[in-house]
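Data block below; observations after.
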Amino acid sequence: MTTLFDDLPLRGLDPARLPTAVPPRTDDDSGWQADRAARADALLEGLNPPQREAVLHHGSPLLIVAGAGSGKTRVLTHRIAHQLATGRVRPSEVLAITFTNKAAAEMRERVADLVGSAARAMWVSTFHSACVRILRREHAAVGLRSSFSIYDAADSQRLITLVTRELDLDTKKFPAKGLASRISALKDELVDPEAYARSGDADDVLASVYARYQDRLRQASAVDFDDLIMRTVQLLQAHPGVAEHYRRRFRSILVDEYQDTNHAQYVLVRELTGHGDVREDAVPRAELTVVGDADQSIYAFRGATIRNILEFEADYPDARTILLEQNYRSTQTILSAANAVISHNPGRKPKRLWTDAGAGAKIVGYVADNEHEEARFVAQEIDRLGDDDGVRPGDVAVFYRTNAQSRALEEVLIRVGLPYKVVGGTRFYERREIKDAVAYLRAIANPDDDVNLRRVLNVPKRGIGDRSEAMLAAFAERERISVGAALERVEEAPGIGSRGVTQLQGFRELMTGLRELAAGGAGPAEVLGAVLDRTGYLAELRASDDPQDASRVENLAELHAVATEFEQAEPDGDLADFLERVSLVADADQIPAEDVADGAAEGGPREDQGVVTLMTLHTAKGLEFPVVFVTGWEDGTFPHMRSLADPDQLAEERRLAYVGLTRARRRLYISRAAVRTAWGAPNEFPASRFLADVPDELVDWRRRESSMAALRAGGSGWGGGASAWGRGGGGYRRDDDGGSVIGSGRPPRRADADRSGGTPPRTARGSSSPKASAPIPTLAVGDRVTHDSYGMGRVVALEGSGPNAVAKVEFGTHGTKRLLLRYSPVTKL
DNA sequence: ATGGAAATACTTTTT
DNA sequence: GTATTTCCAT
């Protein structure tokens with residue numbers, strides 16, 4: 001979808017990227033009618049037959065099953081342009097929904113290339129942005145301020161912590177995180193607190209937390225991410241007039257990444273298209289187009305249901321389905337590997353990507369002894385490709401399963417001097433100083449936003465302690481007003497010492513002054529500047545000699561730059577508009593759209609070679625790179641430990657592998673490390689089960705086995721033994737379980753030595769770790785144990801094995817704990 | 001009320 | 001190993 005590298009020559013591989021023959025629409029309308037048919041036809045040029053069909057289809061709902069790299073964005077944009085060109089739909093009647101803001105921006109741009117300025121009238125946005133837009137327009141109907149706050153995951157966890165405290169629940173026993181994810185899951189299913197309480201198997205604690213949480217959100221005029229969707233659906237269902245307005249407005253609705261939609265989003269689409277409305281006089285249903293690929297569904301953990309795409313034809317009985325299987329991105333070798341890996345997923349609709357681009361280079365495989373060696377190999381190859389093949393750093397991406405894995409790679413890239421950039425990780429808007437600054441802005445825009453007000457009440461330190469805060473909150477509670485409103489009447493609140501009252505008054509004056517500034521028409525940047533100044537936040541950071549604080553100042557400067565930029569782009573935007581933007585950014589949005597590898601073209605400065613991009617496999621979805629490294633192919637790393645036991649989660653991991661492999665255009669590398677340091681201690685990891693699914697003839701193994709495995713297999717020394725990892729060696733391939741694809745029943749891991757049948761299995765797994773550790777107790781469910789601080793307990797569940805084994809232990813009065821056995825002082829009785 | 005030390009949990013993946 | 005949280009001393 002994203003085309004960071006359109007400028008790269010990819011010989012004969014890319015008919016879909018030929019320049020389009022459609023001239024931008026001029027403002028001279030006289031020729032418009034006459035040109036219409038010609039324009040519409042021109043949009044079909046350069047498309048293959050199924051793509052053409054997908055553009056032409058109209059009348060009934062359309063599902064486009066678009067394999068990776070099959071030109072789906074091209075089809076979508078051409079379809080929109082075609083709908084406009086034939087006059088069936090006007091620009092303002094188009095609603096195109098994507099997964100990320102970046103994808104939305106790209107789609108808008110590419111439609112604009114086809115239809116010109118008319119693109120501006122369309123809604124091209126994410127689910128969340130579209131819902132914010134609707135909710136802000138209809139805020140009165142849902143009982144929100146127009147400047148309502150949007151809480152991110154951290155904000156809602158904060159609020160949940162407050163709620164559990166208020167309910168006198170043990171925050172240890174009911175961690176906010178767990179409650180938050182369960183509430184989120186309920187919202188994804190459109191279950192509101194009342195409905196949940198009424199349902200048969202409701203958990204009392206969850207029900208009361210959920211009800212109170214939702215109440216507090218309402219009081220604070222705030223919504224969380226899931227509310228954006230749920231409350232929009234509720235709005236449309238409760239107010240037929242409003243629903244009708246939007247049904248009349250949107251005549252063509254297109255949803256990208258449909259496999260990632262959850263139930264709430266599914267219902268939202270039905271509401272908007274009017275498919276739920278069976279009345280005689282209903283607005284005619286909007287044209288519905290969904291695009292997706294079940295094999296690329298990697299967000300089930302967040303509530304996405306493949307069901308939505310698998311059952312599309314059942315949900316919309318007259319639906320038409322079109323398959324796009326021709327790939328314009330990768331070589332056949334890469335596609336064959338990806339097809340082979342994904343084909344092991346059970347219950348999948350068959351689909352095989354193909355290309356006429358030829359086989360291309362073999363996939364390069366590498367087994368490193370540890371993650372540093374793996375990183376070294378990656379860096380060395382990037383360097384070599386630069387010399388031999390003219391590959392620029394900007395052409396290369398390195399993927400990994402979890403963010404923590406970026407560290408070893410970064411260390412090596414810094415050492416060898418390769419420029420790189422990590423996408424994601426600790427996100428900009430999650431940094432403490434940014435959250436603090438944004439919290440001020442939110443509290444200014446929305447005086448009832450208690451979570452954010454309380455966050456900054458004593459930041460920077462101004463002598464307002466827990467006690468004063470608690471008294472103020474208690475007063476607010478009694479008066480049934482928000483803490484913000486209570487602050488206006490601090491003098492009436494009992495139990496606050498005179499110093500506390502003074503401090504709170506000072507804070508109140510501060511906020512009042514800032515609100516006046518904002519109300520007086522100051523832009524977001526000016527308000528932000530005033531916040532940083534008047535609160536003393538910036539002064540405090542500047543005064544500090546902690547180098548971390550220096551970088552905090554820089555981050556705040558960057559936020560200020562973002563605000564300034566926003567003011568220039570949206571001169572009419574107010575603080576609430578800015579906050580909306582800030583609340584809905586994602587990792588993937590931070591990937592530079594064009595400048596990564598541009599500029600090195602003819603005449604450009606030689607230095608501008610772009611930078612190597614490091615990111616997780618999840619973030620990589622939708623992107624493509626000429627050269628891709630997928631690292632960490634180890635059972636326990638990828639597939640991740642926590643998915644090994646569950647076939648569904650394992651299937652999702654496999655889809656993740658599929659996504660990773662299909663990002664590569666020309667060259668693909670897969671690597672693993674035999675030993676990887678996680679949580680501070682080195683562990684041995686066996687080869688990923690997914691590796692065995694990559695056909696051996698597609699892979700050029702540069703190194704087939706780790707030194708350790710070679711030794712164990714009876715090799716005669718270090719490094720030398722060609723027998724150890726040369727051709728015929730008993731490499732990674734497993735003969736004993738090649739056919740087992742689900743792997744739910746078997747032990748999650750086994751040592752390499754077990755497989756090659758050489759040395760007998762070592763007694764304590766993980767003992768090969770350089771750091772000899774205390775023996776890890778072998779536990780079984782039901783065992784009784786003692787813990788140095790929790791006392792006696794009983795094992796109720798086990799996860800993983802070896803050094804990373806985690807036991808869930810019930811400790812009577814101390815509740816149930818998840819313990820990483822390696823670190824926990826537990827003894828078997 | 002605040003700051004520092006010590007304990008402790010943590011690692012999927014994110015709109 | 002790191003970031004956050006908790007506890008204790010001031």
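Lettering follows sequence order; numbering is per chain, from 1. Hydrogens, waters and symmetry mates play no part in the numbers below; they use all other heavy atoms, side chains included.
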Between [options], which nucleotide gets closest to the side-chain atoms of [X]?
X        : options                : answer
A:Ala404 : B:dT15, B:dA1, B:dT11  : B:dT11
A:Arg467 : B:dA1, B:dT13, B:dT14  : B:dA1
A:Lys461 : B:dT14, B:dG3, B:dT15  : B:dG3
A:Arg407 : B:dA1, C:dT2, B:dT11   : C:dT2
A:Thr619 : C:dT2, B:dT15, B:dT14  : B:dT14
A:Asn403 : B:dT15, B:dT14, B:dT11 : B:dT14
A:Thr100 : B:dA1, B:dT11, B:dT15  : B:dT15

Separation of [N] [atom2] from [X] [atom1] (nearest whole Å):
X        : N      : atom1 : atom2 : answer
A:Asp170 : C:dT6  : CG    : P     : 11 Å
A:Leu457 : B:dA1  : CG    : P     : 11 Å
A:Leu228 : B:dT14 : CG    : C1'   : 14 Å
A:Phe301 : B:dT11 : CZ    : P     : 13 Å
A:Arg455 : C:dT4  : CZ    : P     : 10 Å
A:Asp226 : B:dT15 : CG    : C1'   : 9 Å
A:Glu430 : B:dT14 : CD    : C1'   : 9 Å
A:Arg231 : B:dT15 : CZ    : P     : 23 Å

Considering every strand and a 4.0 Å limit on heavy-atom distances, what is the contact class for [X]: base, sugar-phosphate, or nothing?
X        : result
A:Arg499 : sugar-phosphate
A:Glu469 : nothing
A:Phe99  : sugar-phosphate
A:Ser468 : sugar-phosphate

Keeping A:Arg672 on the side-chain end and A:Glu634 on the backbone end, is there a donor-acceptor pair under 3.5 Å? no
With a cut-off of less than 4.0 Å, is there a side-chain N or O of [X] near OP1 or OP2 of [N]?
X        : N      : answer
A:Asn458 : B:dT2  : yes
A:Asn101 : B:dT15 : no
A:Arg432 : C:dT4  : no
A:Ser129 : B:dT15 : no
A:Lys177 : B:dT11 : yes
A:Thr616 : B:dT14 : yes

With centres under 5.5 Å and planes under 30°, do A:Tyr299 and B:dT13 count as stacked? no
Please lay out, stage by stage, how A:Thr619 and A:Thr616 fare under the test side-chain hydrogen bond (donor to acceptor under 3.5 Å, both in side chains). CA-CA 5 Å; A:Thr619 312; A:Thr616 64; 2.8 Å; yes
Verify whether one side chain among A:Asp224 and A:Tyr213 offers a donor that lies under 3.5 Å from an acceptor in the other. yes
Would you say the side chains of A:Ser583 and A:Arg442 form a donor-acceptor pair under 3.5 Å? yes
Flag the pair A:Asp152 and A:Lys435 as a salt bridge only when some basic side-chain nitrogen lies within less than 4.0 angstrom of an acidic carboxylate oxygen. yes
Mind running side-chain hydrogen bond (donor to acceptor under 3.5 Å, both in side chains) on A:Gln503 and A:Gln505 for me, showing each step along the way? CA-CA 5 Å; A:Gln503 302 301 328; A:Gln505 284 169 333; over 6 Å; no
On a heavy-atom basis, which atom in A:Glu271 and which in A:Leu236 lie closest, and how many Å separate them? CB-CD1, 3.9 Å
Mapping A:Gly463 and A:His618 onto DNA chain B by nearest heavy atom, which one lands closer to the 5' end? A:Gly463
DNA chain B: 5'-proximal contact among A:Ile464 and A:Glu652 (nearest heavy atom): A:Ile464
